[in-house]
Novice: 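Before anything else, here's the structure in question.
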Amino acid sequence: MTLHLYDTASREVSEFKSLKPLQVSIYVCGATVQGPPHIGHVRSGVNFDILRRWLIKSGYGVTFIRNVTDIDDKILHSAKHDEMPWWAVAMKYERVFTAAYAELNILPPTYEPRATGHITQMIELMKKLIDNGAAYAPGNGDVYLEVRKLKSYLTLSRQNIDDLQASADADETNKKDVRDFALWKAAKPGDPSWPTPWGPGRPGWHLECSAMAHAYLGEKFDIHGGGLDLVFPHHENEIAQSEAAGYGFAQRWLHNAWVTQSGEKMSKSLGNSLQVNEILKSVRGIELRWYLGGAHYRSMLEYSPAALEESATNFRRIESFLKRATELIGEKPSLQLSEEFKNAMNDDLAVPTALASISENLRLGNQAVTDNDKKAIAKNANEIRGALDVLGCDPFDLAFVQSGGSDLTPALDGVIKLALTERASARERKDFAASDAIRDGLADLGITIEDTAQGPRWSIN
RNA sequence: GGUCGGGUGGCCGAGAGGCGAGGCAAGGGACUGCAAAUCCCUCUACACGGGUUCAAAUCCCGUCCCGACCUCCA
């Protein structure tokens with residue numbers, strides 16, 4: 001099976017064909033850096049990172065753009081509130097986002113453009129749109145796109161323009177039609193602004209992405225992604241601007257669903273958002289990634305602490321098998337993929353089905369450990385590690401290996417082995433009170449002892 | 001009002017006409033001095049009412065419920 005992906009525009013899963021052979025260009029709408037990320041933000045990051053890794057594994061070269069929206073109303077609002085320059089607010093949260101992405105082993109984008117770094121491209125795009133007659137500048141410094149003049153509009157969300165509720169904005173008086181949207185917003189006193197032929201102002205949200213996608217990927221590119229809530233208006237307006245400028249734009253649209261709580265979308269404004277930093281106090285980044293990436297990208301993921309904990313436990317079982325297999329085989333598993341896993345991933349990134357194949361590998365692998373069948377241990381360990389690698393959850397990945405400081409593991413191993421030798425001799429003379437005291441003592445220190453056919457092993461909880 | 005998703009076992013979560021995904025929890029068993037880990041077995045569900053079909057969780061019609069978007073959103 002070749003790679004098939006869903007397309008929001010057609011609402012169908014279809015075979016993926018890149019514009020250029022073995023090259024894929026992807027633009028994903030990144031964060032507006034007006035606060036720290038919640039787990040919904042990074043779910044989007046994980047979902048598109050899995051897509052990217054799968055494309056790379058499938059032999060494609062991938063150019064991956066994820067922008068940073070570093071100027072918007074909320075950033076300006078925060079800046080006033082915190083008495084900081086707007087750019088300092090944006091940079092502060094951009095760094096928090098970057099750190100969160102790194103904790104979850106989300107690959108850095110090929111290019112990560114900031115909106116404010118691309119004003120020139122935005123002005124060029126507006127000029128083009130005004131020359132085309134698609135956009136107009138009413139004279140107050142705003143620039144609007146005239147949606148009624150478009151050949152098509154709202155094709156992604158399949159809405160009728162007359163059914164849209166008009167925006168409640170107070171300063172709509174300069175629009176020819178209430179549904180026209182701002183490409184550029186005139187400067188308000190005290191706000192940052194950039195000079196344009198139509199007056200000083202700042203970019204509208206939609207214009208940024210069209211201009212940056214064009215700057216880095218050209219007139220046509222393969223995949224445009226983002227959260228489901230961006231379909232309208234953001235992506236509709238990106239399409240409108242780009243098509244009005246004569247660009248082919250995105251060939252396929254992918255949207256990830258939300259993380260919900262009590263059935264409701266997680267969002268800062270609803271006050272039910274869970275910050276990544278908070279969650280990472282209870283689970284490791286690799287475990288949070290396993291949890292967020294485990295649901296299908298188009299399905300809502302209902303968050304609960306119990307579900308997260310369950311998922312983390314499940315991951316630790318897999319990880320424990322891989323470590324065990326490494327000890328028994330004498331080398332790290334290689335990266336192999338089972339047919340089941342490949343087929344699942346090719347079917348619109350069916351991660352839950354792919355996970356079922358990992359569970360099967362795990363069961364067979366553990367059985368092989370019991371039977372001491374090294375060939376079967378290796379096969380299953382290799383296929384599990386290969387799958388985890390695609391999912392960005394390879395425990396051997398350097399991204400997850402603690403860096404800095406000296407590694408105390410060999411020293412600790414020696415000390416624990418001394419204790420285990422004592423325990424073994426106690427067990428030999430059937431002094432179970434003594435042997436259990438050693439095991440309990442180690443358990444109190446967070447060290448778990450398992451008696452295996454190959455002798456005792458220890459691990460830190 | 002318009003446009004979209006969704007309702008699956010105790011819980012989470014796939015599937016989208018026919019071989020009962022998978023995980024977690026629970027119960028039983030094997031192994032163990034006892035545990036832990038692991039393996040085996042059990043528990044077998046698709047909101048409701050009609051319809052189509054040899055066959056429906058899946059398609060159609062209707063109903064109920066939940067959620068999202070309608071110019072701030074991942």
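First the proteins, then the strands, lettered A, B, ... as listed; each starts at 1. The figures that follow rest on heavy atoms only: side chains count, while hydrogens, waters and symmetry mates do not.
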Novice: Protein within reach of the bases, or only the backbone? For nucleotides 20-25 of chain B, mark each nucleotide 5' to 3' as B, S or -, using heavy atoms under 4.0 Å.
Specialist: -BSBS-
Novice: What's the gap between B/rC43 and B/rG9 when it is taken at their C1' atoms, as a whole Å value?
Specialist: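 Approximately 9 Å lies between the C1' atom of B/rC43 and that of B/rG9.
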Novice: Going through the checks in order, is the side-chain contact (heavy atoms from CB on, under 4.5 Å) test met by A/Trp184 and A/Asp142?
Specialist: CA-CA 5 Å; A/Trp184 193 260; A/Asp142 287 341; over 6 Å; no
Novice: Can you list the residues that meet the side-chain contact (heavy atoms from CB on, under 4.5 Å) rule with A/Glu319, with sequence neighbours excluded?
Specialist: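 For A/Glu319 the side-chain contact (heavy atoms from CB on, under 4.5 Å) partners, ignoring immediate neighbours, are A/Arg284, A/Phe315, A/Arg316, A/Lys323, A/Pro395.
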Novice: Of all residues at least two apart in sequence or in a different chain, which pass the salt bridge (Lys or Arg N to Asp or Glu O under 4.0 Å) check with A/Asp229?
Specialist: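 For A/Asp229 the salt bridge (Lys or Arg N to Asp or Glu O under 4.0 Å) partners, ignoring immediate neighbours, are A/Lys265.
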Novice: Output side-chain donor-acceptor pairs under 3.5 Å for residues 365-372 of chain A, partner residues at least two apart or in another chain, one line each.
Specialist:
unit_1, atom_1, unit_2, atom_2, d
A/Asn366, ND2, A/Leu362, O, 3.3
A/Thr370, OG1, A/Asn366, O, 3.1

Novice: Have a look at A/Val351 and say if it touches a base, only the backbone sugar-phosphate, or nothing, with a 4.0 Å heavy-atom cut-off.
Specialist: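 Nothing: the residue A/Val351, judged by heavy atoms under 4.0 Å, touches no strand.
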Novice: Rounded to the nearest 0.5 Å, what separates atom CG in A/Asn67 from atom NE2 in A/His118?
Specialist: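 Going from CG on A/Asn67 over to NE2 on A/His118, the span is 9.5 Å.
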Novice: Strictly under 4.0 angstrom, non-hydrogen atoms only: write out the protein contact profile of nucleotides 29-36 of chain B, one letter per nucleotide from the 5' end, B, S or -.
Specialist: ----BBBB
Novice: Please tabulate, one pair per line, each protein N/O and nucleotide N/O from nucleotides 43-47 of chain B that are separated by under 3.5 Å, including the distance.
Specialist:
none

Novice: If you take any heavy atom closer than 4.0 Å to RNA chain B, which residues from residues 341-349 of chain A end up in contact?
Specialist: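 Of all residues in residues 341-349 of chain A, none places a heavy atom under 4.0 Å from RNA chain B.
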Novice: So if I take residues 232-245 of chain A and measure heavy-atom distances to RNA chain B, which residues fall below 4.0 Å?
Specialist: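 Of all residues in residues 232-245 of chain A, the ones placing a heavy atom under 4.0 Å from RNA chain B are A/Phe232, A/Pro233, A/Asn237.
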Novice: For Watson-Crick and G-U wobble pairs within 3.5 Å on both distances, what is RNA chain B written in dot-bracket notation, | included for inter-strand pairing?
Specialist: (((((((..(((.....[...))).(((((.......)))))....(((((..]....))))))))))))....
Novice: In whole Å, what separates the C1' atom of B/rC65 from that of B/rC59?
Specialist: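 B/rC65 and B/rC59 have their C1' atoms separated by 22 Å.
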Novice: By salt bridge (Lys or Arg N to Asp or Glu O under 4.0 Å), which residues pair with A/Asp348, not counting sequence neighbours?
Specialist: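 Per chain and number, A/Asp348 pairs via salt bridge (Lys or Arg N to Asp or Glu O under 4.0 Å) with A/Arg298.
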Novice: Between the protein and nucleotides 3-5 of chain B, list the N/O to N/O atom pairs that are separated by less than 3.5 angstrom.
Specialist:
unit_1, atom_1, unit_2, atom_2, d
B/rU3, O2', A/Ser157, O, 2.6

Novice: Find out whether the Lys NZ or Arg CZ of A/Arg363 is both under 6.0 angstrom from the six-membered ring centre of A/Phe321 and within 45° of the ring's axis.
Specialist: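 Pair A/Arg363/A/Phe321 does not count as cation-pi.
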Novice: For a quick test of reading the model: is some side-chain N or O of A/Lys265 closer than 4.0 Å to OP1 or OP2 of B/rC69?
Specialist: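 So the side-chain polar atoms of A/Lys265 do come within 4.0 Å of the phosphate oxygens OP1 or OP2 of B/rC69, strictly under.
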Novice: Using the C1' atom on both, measure B/rA25 against B/rC19 and round to a whole Å.
Specialist: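 Straight-line distance between the two C1' atoms is 28 Å.
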Novice: Toward the 5' end of RNA chain B, which comes first, A/Ala350 or A/Asp229, by nearest nucleotide?
Specialist: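 The residue mapped nearer the 5' terminus is A/Ala350.
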Novice: In chain order, what residues pass the side-chain contact (heavy atoms from CB on, under 4.5 Å) check against A/His206, with sequence neighbours excluded?
Specialist: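 A/Phe181, A/Pro233, A/His234, A/Asn237, A/Gln241.
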